[in-house]
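I have placed the structure first, in the form of structure tokens, so that the comments after it can refer back to it.
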Amino acid sequence: MKPVDTRHPTSALTPVSRAALQPVPDPVAVDATDLALLRLLAADARLSQRHLAREIEMSAGAVGERLARLERLGVLQRYTVAVDWARIGYPLSVFLPIVAAVGTDITEILEHLSRLPEVESINVVSGAYDLLVFVRVRDNQHLTDLLLDRIWPIPSLQRTETLLCLASTKQKNFTEELLAVLVEQSRTATD
């Protein structure tokens, strides 16, 4: 058995567990028009191809071809909806920093957590923790049940902390804002 480097918490990432993680893709070439399309869709994913075409002064067919290309390349991954979870009964947001037991493979932890419907995201992180998990729950009792019955019993989980979100700022449209910067940089570079 290969010795595990115990100096760094993420040494628990074996080739098997690395395969469970989403790989960082290679960048693909996009131009100012692609970025403008993405920005418009980030603001409102329901926009029709005809509306997008009017906005960027192209034919609807050309817009459709560009969108299909961006989908094929994995740039445009899905058209989605933003949900106000508090309004449908899940007002409590919780961050769970997690430490895996030294020398264990975190694949099992990743698999268990990914099956829990309350888990919105799992991030492998550097520093004192191995994972930072974000969950949404109905109330403190739901959180207690989730921790006691489904998270703490996960084998090879050494320690967790529970960080309750007391308040959040209004969520900005990060995608639209960053795309606006990229569109401007792209236009400046071509001028």
Side-chain angles (χ1 to χ4, degrees), residues 1-28 30 38 42 73-86 88 90-182 185:
M1 184 169 142
K2 182 180 173 186
V4 176
D5 179 2
T6 58
R7 294 171 291 158
H8 191 272
T10 57
S11 63
L13 286 171
T14 66
V16 172
S17 62
R18 287 179 195 271
L21 303 175
Q22 188 175 24
V24 177
D26 294 327
V28 296
V30 292
L38 292 170
L73 293 172
V75 173
L76 186 54
Q77 296 182 346
R78 65 178 184 244
Y79 301 82
T80 188
V81 62
V83 174
D84 183 337
W85 288 103
I88 60 172
Y90 281 75
L92 196 54
S93 300
V94 182
F95 289 94
L96 299 173
I98 294 178
V99 175
V102 174
T104 61
D105 184 337
I106 66 169
T107 303
E108 191 172 357
I109 297 172
L110 293 170
E111 289 172 354
H112 274 85
L113 291 171
S114 66
R115 287 194 299 263
L116 300 175
E118 296 89 347
V119 172
E120 185 171 323
S121 66
I122 306 168
N123 296 283
V124 177
V125 296
S126 61
Y129 303 101
D130 295 308
L131 304 170
L132 184 59
V133 179
F134 182 73
V135 301
R136 292 191 187 273
V137 291
R138 291 183 303 276
D139 52 33
N140 286 337
Q141 186 60 53
H142 185 186
L143 175 61
T144 300
D145 294 344
L146 179 66
L147 290 170
L148 292 175
D149 299 337
R150 297 189 286 153
I151 293 180
W152 289 348
I154 296 173
S156 69
L157 190 143
Q158 180 179 328
R159 177 172 67 86
T160 68
E161 289 186 26
T162 305
L163 308 172
L164 301 176
C165 283
L166 301 177
S168 295
T169 60
K170 183 175 186 272
Q171 194 167 4
K172 68 179 188 174
N173 189 333
F174 167 79
T175 303
E176 181 185 11
E177 289 183 20
L178 185 54
L179 284 167
V181 171
L182 295 174
Q185 287 174 349

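For reference, positions follow the sequence shown, starting with 1. The structure displayed is predicted, hence computed values, not measured ones.
Taking each heavy atom of A101 and Q158 in turn, the nearest pair found is CA-OE1, 3.4 Å. When every heavy atom of D130 is checked against every heavy atom of A100, the shortest pair comes out as OD2-N, 2.7 Å. Y90 and H142 make their closest contact through CE2-CE1, 3.6 Å (heavy atoms, listed as atom of the first residue, atom of the second, distance). Heavy atoms only, all atoms of each residue included: P153 and D149 are closest at CG-O, 3.6 Å.
With rounding to the nearest 0.5 Å, the separation of CG in L113 from CD in E108 is 10.5 Å. One distance of note links CZ of R115 with CG of L110; it measures 11.0 Å at 0.5 Å rounding. In this structure, CG in D105 is found 8.0 Å from OG in S156, a value given to the nearest 0.5 Å. Rounded to the nearest 0.5 Å, atoms CG (L92) and CD (E118) are 11.5 Å apart. If you take CG on L143 and OG1 on T162, they are separated by 6.0 Å, rounding to the nearest 0.5 Å. The structure places OG1 of T160 at 10.5 Å from CD1 of I109, a figure rounded to the nearest 0.5 Å.
A donor-acceptor contact shorter than 3.5 Å is absent between the side chain of E177 and the backbone of F174.
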Could you walk me through whether I122 and I98 pass the side chain to side chain contact (heavy atoms under 4.5 Å, CB included) test, one step at a time? CA-CA 10 Å; I122 306 168; I98 294 178; over 6 Å; no

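Summarising the local packing, CG of D26 is surrounded by 12 or fewer heavy atoms from other residues, nucleotides or ligands at distances under 6.0 Å. Residue R78 qualifies as open at atom CZ: its count of foreign heavy atoms under 6.0 Å is 12 or below.
Aromatic ring orientation, F134 versus F95: tilted (interplanar angle from 30° to 60°).
When the options I154, L157, I151 are evaluated for a side chain to side chain contact (heavy atoms under 4.5 Å, CB included) with H112, the one that passes is I154.
Side-chain atoms of D145 and Q141 include a donor-acceptor pair closer than 3.5 Å.
Under the 4.5 Å side-chain criterion, counting only non-hydrogen atoms from C-beta, V124 is in contact with L131.
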